[in-house]
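Structure record follows, encoded as C-alpha cells.
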Amino acid sequence: MNDAPYKVLGVSKTATQDEIKKAYRKLAKTLHPDLNPDDPGKQAQFQAVTAAYDLLGDTEKRRRFDAGEIDASGQERPERQYYHQYAAQDGGERYDGGFAAGHEEDFSDLFADLFGRRQPSGGGAHREFKARGADLRYHLEVGFLEAALGAKRTVTMPDGKSIEITIPSGVSDGQVLRLRGKGAPGYGGGPAGDALITIAVASHPVFIRDGDDIELELPITFDEAVLGAKVDVPTISGSVSMTIPPGTSSGQRLRLKGRGIKRGKASGDQLVRIKIVLPKAIDDDMRTLAERWRDSTDFDPRTDLRRKT
Amino acid sequence: MSLDEQTVVAQIERLTLRELRLWVSEGWVRPAQGEHGPVFDELDVARLHLLCDLCNDMELPADVIPTVLTLIDQLHRTRRHLRHLTEALDEQPAEVRRAVVASVRLKAKAKADG
C-alpha cells in the first residue's frame, strides 16, 4: 500500500484521527500560502498537505484508501484562488487599514503620496453622435422591507434633477430597473436614453429571504412547545397570531400561508423555524419536573439516528 | 462579480450564514454595501476562504484573529507598494536603475556589517 499521504503529514499509518488532525493543523499554520505569499515551495507543500488531509482526515475516505479502493491522486482539491493573489493586486487596497484601522505610520504616508488613487477618468456616457441619448447607470440601495413590500423613492440624480422611482414588491438584489427616457438627453431632437438602476437590497436582522418566501426563527419556551400556544409572530406586513401545536420540536418549520412577498396575485409564504429556548438558570421546579419525566418515560429521540449510522 | 449573502454561503461550503454575519459585524470582512446591503466580490470571497482556514481548519481562537488579519493586511499592502515601486523603477533609464540598485546594496551591506 502507498503510504505517501501519511508521510506528507508526518504521521504513522496507525495514527489516530486526532493525531492526523493535529499534524495537519500544525503544518497548515506554517505553510498557508496567504502567510507565505512569495514562497512557491511552501505553497506546493501546503497543497500536498491539504490533499493528504482531505484523504486521511475523513475516516471513510481513509478506510477506503487503506483498503486500496481509492488512490491518493483523486483527492486533490480543485484549484483555489488564495487571498494573497487578490490582496497584493491593485484593488486590494480595501483592506489596507488592517482590521484595526486608524494607526497609519509616516512610512505609509509617503506611499499614500506616491500611490494616491487616481481619479476615474471621463465618467459617464460615450459622446457618440447618435440620435438617442445614452443610458445612464445608477446604484440604489433599498431596505429589506422596501424591497419585500414595494416602495416609492425620490432620488436626486447627479445633474440635480430628481426622479421618482417605483420599487416593485419582490425586487431582488442586483436586479436592474429601467426608467424610460430618464437617461441622457438625445442629440438633434432624438429621444432621451434610459436610466438603468441597479438595486442593492439590504439584509434584515431577523427576516431571511428565499425567493418569495420569508424565513424567520421563532424562539419559544418549553411549556409552549409541550402544551401548544398562540403566539404573535412578526411578518413583513405586521404581526400575526400563530398557533403552535402541542408537541412542537426545535427545528420544525411552520408555514404561514400567503405571508411572504406578494407578486401580482401570487404570494410567497412565511416559514417559521421553531427554536425552543430554555432559561439560562434552571429553577428547582423545572429540574424536578424533568427528573420525574425522565424516570417515567421510555421516549428516545435518537433511535432513528442509531439505526441509520 | 457581486454576490449576496445566500450565494456566498452556497459557494463556500464550509461557511455558515451565522459566521458570515458575525465576521462582517466584527469588521473582518467589509463587503461593498456597508451595513445595509452586503455585496461580496472576489477579494471578499478569497478573504472569507482565508478566514475559514484560520478559524475552522487551524482553530485559531477568535481573539487572535484581529491581530493575524492586521499582520496579513500590512504584509499585502507592503507587497503591493513594493511591486509598484519595482514597476516604476523598471521604467527608469538604465543608469538610474543601476544607481538605485547600488544604493540599496550599500545600505543592506552597511546594516549587515553593523
Side-chain angles (χ1 to χ4, degrees), chain A residues 21 24-29 32-38 46 50 53 57 80-101 103 105 107-108 110-112 114-115 139-144 147 172-174 198-203 205 208-211, chain B residues 2-7 9 17-18 20-21 23-39 41-54 56-60 65-85 87-88:
Chain A
K21 196 172 170 186
Y24 166 71
R25 200 161 287 153
K26 201 169 165 201
L27 288 166
K29 278 179 192 166
H32 196 286
D34 284 332
L35 308 176
N36 303 282
D38 295 313
F46 179 76
T50 309
Y53 182 66
R80 178 184 144 186
Q81 296 302 105
Y82 283 101
Y83 181 65
H84 70 85
Q85 290 164 289
Y86 294 97
Q89 297 307 309
D90 300 316
E93 299 89 352
R94 288 224 325 275
Y95 289 108
D96 270 5
F99 166 69
H103 47 77
E105 313 131 51
F107 172 72
S108 70
L110 168 73
F111 280 111
L114 274 175
F115 305 120
H139 269 268
L140 180 66
E141 194 180 296
V142 300
F144 182 92
S172 52
D173 194 65
T198 307
I199 301 290
V201 179
S203 61
I208 294 175
R209 193 164 147 186
D210 180 13
Chain B
S2 58
L3 306 172
D4 63 8
E5 285 179 327
Q6 309 292 327
T7 321
V9 172
L17 185 58
R18 190 182 304 275
L20 179 63
R21 291 200 174 155
W23 294 349
V24 170
S25 73
E26 292 283 354
W28 297 351
V29 180
R30 294 191 290 271
Q33 294 294 332
E35 75 265 34
H36 289 302
V39 180
D41 64 7
E42 286 103 340
L43 179 68
D44 299 318
V45 169
R47 194 172 170 92
L48 286 165
H49 271 293
L50 170 62
L51 276 165
C52 285
D53 287 346
L54 298 175
N56 302 340
D57 288 8
M58 301 184 201
E59 282 186 355
L60 294 186
I65 297 289
T67 314
V68 173
L69 283 182
T70 306
L71 292 173
I72 291 177
D73 290 339
Q74 284 178 27
L75 170 69
H76 291 310
R77 180 178 56 186
T78 307
R79 290 179 73 232
R80 196 175 53 251
H81 289 163
L82 190 62
R83 188 169 58 77
H84 287 162
L85 207 53
E87 283 168 9

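Quick note on labels: first sequence line is chain A, next is B, and so on, each numbered from 1.
- If you measure heavy-atom distances from B/L60 to chain A, the contacts under 4.5 Å come from the side chain alone.
- When each of B/R83, B/R79, B/E5 is scored by its heavy-atom pairs under 4.5 Å with chain A, the top score falls to B/R79.
- Put simply, the side chain of B/T7 never gets that close to the backbone of B/L3: no donor and acceptor are under 3.5 Å apart.
- Neither the backbone nor the side chain of A/K26 comes within less than 4.5 Å of any heavy atom of chain B.
- The most heavy-atom pairs under 4.5 Å with chain A, out of B/L48, B/V29, B/L54, come from B/V29.
- No donor-acceptor pair under 3.5 Å is formed between the side chain of B/R47 and the backbone N or O of A/Y83.
- Counting only distance, with no hydrogens or angles, the side chain of B/R80 and the backbone of B/R77 share no donor-acceptor pair below 3.5 Å.
- B/T70 and B/D73 form no side-chain donor-acceptor contact under 3.5 Å, judged by distance and modelled atom types alone.
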